[in-house]
Amino acid sequence: MKPLQTEFPADFLWGGAIAANQAEGAYEADGKGLSIADCFPHGIKHGADIPPKEGTFYPSHQAIDFYHHYKEDLALMQEMGFKVFRTSINWSRIFPNGDDAQPNEKGLQFYDDLFDEMLRRGMQPLVTLSHYETPLHLVEAYGSWRSRKLIDFFLRYCEVVFRRYKDKVKYWLTFNEINNMRRMPGAAGGIFFREGENHQQAVYQASHHMFVANSLAIKLCHEIIPDAKIGCMLSLSNTYPHTCRPEDVFETMELRRRSLLFGDVMIRGAYPAYMARIWDEEKVHVEMEPGDEKILKQYTSDFLGFSYYRTSTHEYGQPFCGDTGGDQGTPNPYLETTPWGWQIDPLGLRYTLNELYDRWQIPLFVVENGLGQVDVPDEKGEIHDDYRIDYLRRHLQALKDAIRDGVEVMGYTYWGPIDIVSAGTGEMKKRYGFVYVDRDNEGHGTMARRKKDSFAYYAHVIATNGAEL
């Protein structure tokens with residue numbers, strides 16, 4: 001039996017997380033092509049313009065200009081004591097169209113410089129290969145992941161970046177929140193439904209191609225970077241039954257399994273048995289090639305990265321739906337709620353960590369967790385975000401309790417340690433950061449960075465390795 005662990009491990013990876021498309025800006029700089037992320041004027045909860053329209057404001061096109069500010073931003077992360085920094089490589093910065101024969105050298109050089117700066121400042125890069133950034137050309141020319149051709153395009157991209165950064169990046173994630181294929185397939189995999197199409201057929205066929213690509217990327221990573229760890233990444237904010245009515249309880253379990261199945265495939269290496277009934281009832285027939293199931297079984301994830309923001313409740317008969325925060329049902333009367341309707345549930349994080357470790361028994365990594373709030377500078381320009389400190393303290397205590405429960409947790413990367421564009425709504429007003437960025441929803445502002453009160457709090461947490469929360 002494992003001995004009792006009462007504190008955060010000595011090698012715990014403290015840090016923060018962003019996505020290229022929400023932070024970098026420079027959306028056409030240095031040979032970058034368009035990705036699906038460049039097409040949402042109001043975030044991925046709302047419609048996409050394919051291609052982007054002239055004269056329309058797209059917040060992510062400039063974002064917080066991390067592309068040109070990354071050195072000063074990483075200096076702030078270093079000041080907090082970060083051990084790890086999660087970001088993504090924007091696929092369309094490396095292969096502008098996705099199916100190009102040769103990569104874009106200027107894009108490769110940017111990430112060389114970025115990872116060098118991280119390492120110089122004592123941070124390990126944790127790199128997501130595909131974070132809602134499918135090249136737009138692959139959507140328009142191939143129907144995105146509906147086409148099996150995308151497996152080879154993705155693996156060409158993976159091989160290039162694995163070889164290029166093999167001495168710099170030792171922690172990788174394949175597809176960000178891949179289970180959001182069932183909630184937001186446009187963002188998660190470039191699947192925009194066609195008239196008359198069976199939506200579930202498109203989602204599950206595309207997901208299968210992504211599963212095969214995931215497994216073959218794991219194989220490639222282990223061959224090229226033997227000392228690397230590569231994981232899968234799921235959105236796993238949780239859902240409770242709204243009542244103890246058996247129908248509420250059972251249907252909530254069915255809802256949860258719609259997300260857990262993605263982990264089953266990528267961690268256990270096989271589709272769960274209940275998928276046969278789901279596919280039968282939804283008239284889905286997933287085309288697989290001989291050898292696919294062997295590939296899935298042979299090349300599984302080293303660890304599970306996941307996002308956790310909130311919980312919700314489910315009542316029997318409610319449609320299964322959600323957004324960037326997870327599944328969304330009936331509000332829980334026992335929890336407080338943010339201005340964006342996200343309910344704050346620290347104990348839910350402990351519950352989820354135990355649930356996932358019981359199911360899969362592989363190392364877990366909380367790679368997204370944070371509080372989006374309205375931050376208003378006072379007359380001195382200071383931001384007193386006690387609400388964020390409280391959110392962080394309670395969630396880290398829950399994480400610490402889960403470690404005491406016996407859960408193996410590799411690290412914690414707070415989502416948006418510097419204010420970035422909201423993925424769901426395209427807003428800057430919805431701020432997560434310990435660092436304030438002077439930019440508003442309409443793109444006005446100086447881009448100046450300033451520390452919030454939470455900056456010093458998180459720095460202290462890291463300095464004490466979580467002993468003092």
Side-chain angles (χ1 to χ4, degrees), residues 15-41 43-44 52 57-77 82 85-98 103-118 121 123 125-136 157 161 164-165 168-169 172-173 176 187 324 367-368 413 415-428 430-433 435-439 441 443 445-449:
I18 62 171
N21 71 87
Q22 292 171 251
E24 285 178 3
Y27 83 109
E28 288 183 311
D30 295 328
K32 180 187 170 295
L34 291 175
S35 82
I36 54 173
D38 299 316
C39 302
F40 293 96
I44 61 180
F57 174 63
Y58 297 88
S60 65
H61 286 191
Q62 190 180 11
I64 64 164
D65 199 23
F66 182 73
Y67 193 80
H68 297 108
H69 289 262
Y70 70 87
K71 289 185 179 180
E72 65 179 279
D73 293 341
L74 290 175
L76 289 163
M77 305 304 118
F82 280 19
F85 188 81
R86 179 187 172 215
T87 189
S88 58
I89 296 174
N90 195 320
W91 184 355
S92 66
R93 226 179 258 293
I94 309 305
F95 286 94
N97 296 300
N104 172 31
E105 177 57 31
K106 288 184 177 179
L108 288 166
Q109 187 60 52
F110 168 71
Y111 291 107
D112 259 324
D113 296 342
L114 178 62
F115 300 148
D116 285 344
E117 188 70 13
M118 287 184 202
R121 295 187 177 278
M123 286 170 255
L126 169 60
V127 175
T128 311
L129 289 158
S130 181
H131 193 132
Y132 299 167
E133 293 151 356
T134 307
L136 182 59
Y157 157 61
V161 297
R164 180 78 170 222
Y165 309 123
K168 301 178 183 183
V169 181
W172 298 86
L173 295 164
N176 179 69
T324 50
V367 297
E368 290 186 29
T413 52
W415 178 252
I418 182 169
D419 292 343
I420 55 178
V421 174
S422 166
T425 65
E427 294 174 281
M428 280 298 300
K430 186 183 181 186
R431 298 177 182 273
Y432 284 83
V435 176
Y436 184 91
V437 178
D438 182 24
R439 181 171 167 83
N441 285 355
T446 65
M447 291 285 193
R449 275 70 162 151

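When a residue number appears, it is its place in the shown sequence, counting from 1. Everything numeric in this text was worked out from a predicted model, so none of it was measured.
Under a 3.5 Å cut-off, the side chain of Ser92 and the backbone N or O of Gly33 do form a donor-acceptor pair. Side chain of Arg439 to backbone of Ala63: a donor-acceptor contact under 3.5 angstrom is found. Using modelled atom types, no side-chain atom of Asn104 and backbone atom of Ile94 make a donor-acceptor pair closer than 3.5 Å. Within the 3.5 Å criterion, the main-chain N or O of Trp415 finds no donor-acceptor partner in the side chain of Arg86.
Ring orientation note: the planes of Phe66 and Phe85 are close to parallel, at an angle under 30° on the 30°/60° scale. Between Tyr111 and Tyr165, the two ring planes are perpendicular [angle over 60°; tilted spans 30° to 60°].
Here Glu72 pairs with nothing under the salt bridge (charged side-chain N to carboxylate O under 4.0 Å, His left out) rule; sequence neighbours left out. With sequence neighbours excluded, no residue satisfies salt bridge (charged side-chain N to carboxylate O under 4.0 Å, His left out) with Asp65. Partners of Asp38 by salt bridge (charged side-chain N to carboxylate O under 4.0 Å, His left out), not counting sequence neighbours, listed by chain and number: Lys32. Glu133 is linked by a salt bridge (charged side-chain N to carboxylate O under 4.0 Å, His left out) to nothing, counting only residues two or more places apart in sequence or in another chain. Residues that satisfy the ring pair (Phe, Tyr, Trp, His ring centres under 6.0 Å) test with His61, not counting sequence neighbours, are Tyr27, Tyr58. Applying the side chain to side chain contact (heavy atoms under 4.5 Å, CB included) rule to Glu117 yields the partners Tyr70, Lys71, Leu74, Arg120, Arg121; only residues at least two apart in sequence or on another chain are considered.
Between Met77 and Ile418 there is a side-chain heavy-atom pair separated by less than 4.5 Å.
Taking every heavy atom of both residues into account, Gly16 and Pro417 meet most closely at CA-CG, 3.9 Å. Looking at every heavy atom in both residues, Val367 comes nearest to Ala17 through O-CB, 3.4 Å. Contact record, Asn90 with Ser35: OD1-CB, 4.1 Å, taken as the closest heavy-atom pair. Scanning all heavy atoms of the two residues, the minimum distance from Pro59 to Gly426 falls at CG-O, 3.2 Å. When every heavy atom of Val161 is checked against every heavy atom of Leu129, the shortest pair comes out as CG2-CD2, 3.7 Å. In terms of heavy atoms, Ala29 sits closest to Tyr67 at CB-CE2, 4.3 Å.
The CD atom of Glu24 sits 11.0 Å away from atom OG of Ser60, with the distance rounded to the nearest 0.5 Å. Ser88 OG to Ile18 CD1: the interatomic distance, rounded to the nearest 0.5 Å, is 7.5 Å. Between the NE2 atom in His69 and the CD1 atom in Ile64 there is a gap of 8.5 Å [rounded to 0.5 Å]. Atom CZ of Arg431 is separated from atom CD1 of Ile420 by 11.5 Å, given to the nearest 0.5 angstrom. Rounding to the nearest 0.5 Å places CE of Met118 at 11.5 Å from CG of Asp113.
A salt bridge is absent between Arg449 and Asp419; no separation between the charged side-chain nitrogens and carboxylate oxygens falls under 4.0 Å.
There is a side-chain donor-acceptor pair under 3.5 Å between Asp438 and Thr446.
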Test side-chain contact (heavy atoms from CB on, under 4.5 Å) applied to Val127 and Ile89, step by step: CA-CA 7 Å; Val127 175; Ile89 296 174; 3.6 Å; yes
Worked check of side-chain contact (heavy atoms from CB on, under 4.5 Å) between Glu368 and Thr413: CA-CA 6 Å; Glu368 290 186 29; Thr413 52; 5.9 Å; no
